[in-house]
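Residue numbers count from 1 along this sequence.
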Amino acid sequence: MEKEKFFIDDSYIKELLTVKASDEEIEKILDKAERFEGLNHKEVAALINAEDKHFERIFKIAGKIKEHIYGDRIVLFAPLYISDYCVNRCKYCGFKCDNKFNRKKLTMDEIRSEVKILEAMGHKRLALEAGEDPVNCPIDYVLECIKTIYDMKLGNGEIRRVNVNIAATTVENYRKLKEIGIGTYILFQETYNKDTYEFYHEAGPKRDYYYHTTAFDRAMEGGIDDVGGGVLFGLYDYKYEILGLMLHNEHLEEKFGVGFHTISVPRICSAEGVDKSFPYAVSDEDFKKLVALIRIAVPFTGMIISTRETMEMRKDLIKTGISQISGGSSVEVGGYTKREKGGSQFILNDSRNADDIIYWLMEEGLVPSFCTACYRKGRTGDRFMSLAKSGNIKNVCLPNALLTLKEYSLDYGNERFSAKANELIESKIPLIQNEKVREKVKENLVRLEKGERDLFF
């Protein structure tokens, strides 16, 4: 890709942010969003600058989209930090190379100890995380960690899908990640504004804005068709960042036929050894707005929120867009085995354990899902999106969510938990529209009770 044809144009984005749409134009855009058609970046720009009076409808449409496409399902995952060695000096990150603490990378035995705990927590999906250090954390080490995770079994516990969040790399390395069987490759842009990006990334390979921003092109060229983007909201104007995300998504759709599988919305928060003043910090009100705007713009893209946010904020955002959350998280290397305190990337605001979060979701009438079926059935990339946009994804997602919740209940739930889970499952079965699928779910629930596992559509 030639730099002069780069898909992020700073002056263009700033020009878009000066445009003021009429009430009539905004209502027409919202009519389109309400038909689940998604929005282009120009339409999103018009809504970004809309007066507050329009956001009541924007929130309603976001909630309608969330309910129509995702129903009551919330996918659960946990991060697993394998190394905090890093050669970058990023002003906002606790892992930056000039922070002084005892750094660590996990041995394979330590990986097994971490995974043993995560499997005992019921997790089936992990997000593997690591700092960037080609000496202490080379791609071969990452691949060995992934293989060790997949090979680790504890009773009925197993990690069925490892998503990977590591630094921008080469097509060859992305091909290796594809071959070992990762789920989604995740990379946060941090900020799409080049000047701001270079200000916060003082030194190290991550300072190369162009190389970092084109990482998904190389991942797609390496065969990875599920990629997850994200911005660290608070480094720059959130309105600019939303348009950056939209332009990036459109670029991938135009070039590879599929855009982001997921979008993460982390918000800047404190970390040890970093400057805590962020002039573009996003207020709670604006944060809710940006989540709703992204949801109506890309209705079929999963949205992820981490334990950076409080329980109350996560509850609000689930209603208007979030479809995946982490639970029982540790953001320290070796944190699940409670090793001595070292460095961490950021401070958690929702420190509840996985059981508490799962039970809380059920009390809210939501279905905690541990499903990884689409990855293993080859429903990735454009195949997943075509199924989602046709509406047929409902015939697999809710059934698989109910089966994984039943599996979790049988393997890890106490009497109180199991009673709640069974009550929730029974209430959701009638919502399965396809009669054959509905009856198969009932049959599979019985098979799970008899000891079978990993039944999915």
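- Annotation for Lys116: atom NZ does not count as buried by contact number, only 12 or fewer foreign heavy atoms lying within 6.0 Å.
- The number of heavy atoms from other shown groups lying within 6.0 Å of NZ (Lys153) is above 12.
- Of the N and O atoms on the side chains of Ser418 and Ser409, at least one donor lies less than 3.5 Å from an acceptor on the other residue.
- Annotation: ring-ring contact (aromatic ring centres under 6.0 Å, His included) contacts involving residues 306-333, sequence neighbours excluded, are absent.
- With no hydrogens or angles considered, a side-chain donor-acceptor pair links Lys406 and Asn422 at under 3.5 Å.
- Inspection of the Thr191 and Glu241 side chains reveals an N or O donor paired with an N or O acceptor under 3.5 Å.
- Residues His251 and Asp217 bring a donor and an acceptor atom of their side chains to less than 3.5 Å of each other.
- Between the side chains of Tyr185 and Arg218, no donor-acceptor pair of N or O atoms lies under 3.5 Å.
- Residue Glu363 qualifies as enclosed at atom CD: its count of foreign heavy atoms under 6.0 Å is above 12.
- Residues satisfying the ring pair (Phe, Tyr, Trp, His ring centres under 6.0 Å) test with Phe260, not counting sequence neighbours, are Phe216, His248.
- Asn156 and Tyr408 share no side-chain donor-acceptor pair at under 3.5 Å.
- A donor atom on one side chain and an acceptor atom on the other are found under 3.5 Å apart for Asp225 and Thr380.
- Within a 6.0 Å radius of NZ in Lys147, no more than 12 heavy atoms belonging to other residues, nucleotides or ligands are found.
- Pairs passing the ring-ring contact (aromatic ring centres under 6.0 Å, His included) check and including a residue from residues 224-246, sequence neighbours excluded, read Tyr236-Tyr240, Tyr236-Tyr280.
- Formation of a donor-acceptor pair under 3.5 Å by the His123 side chain with backbone atoms of Leu76 is not found in this model.
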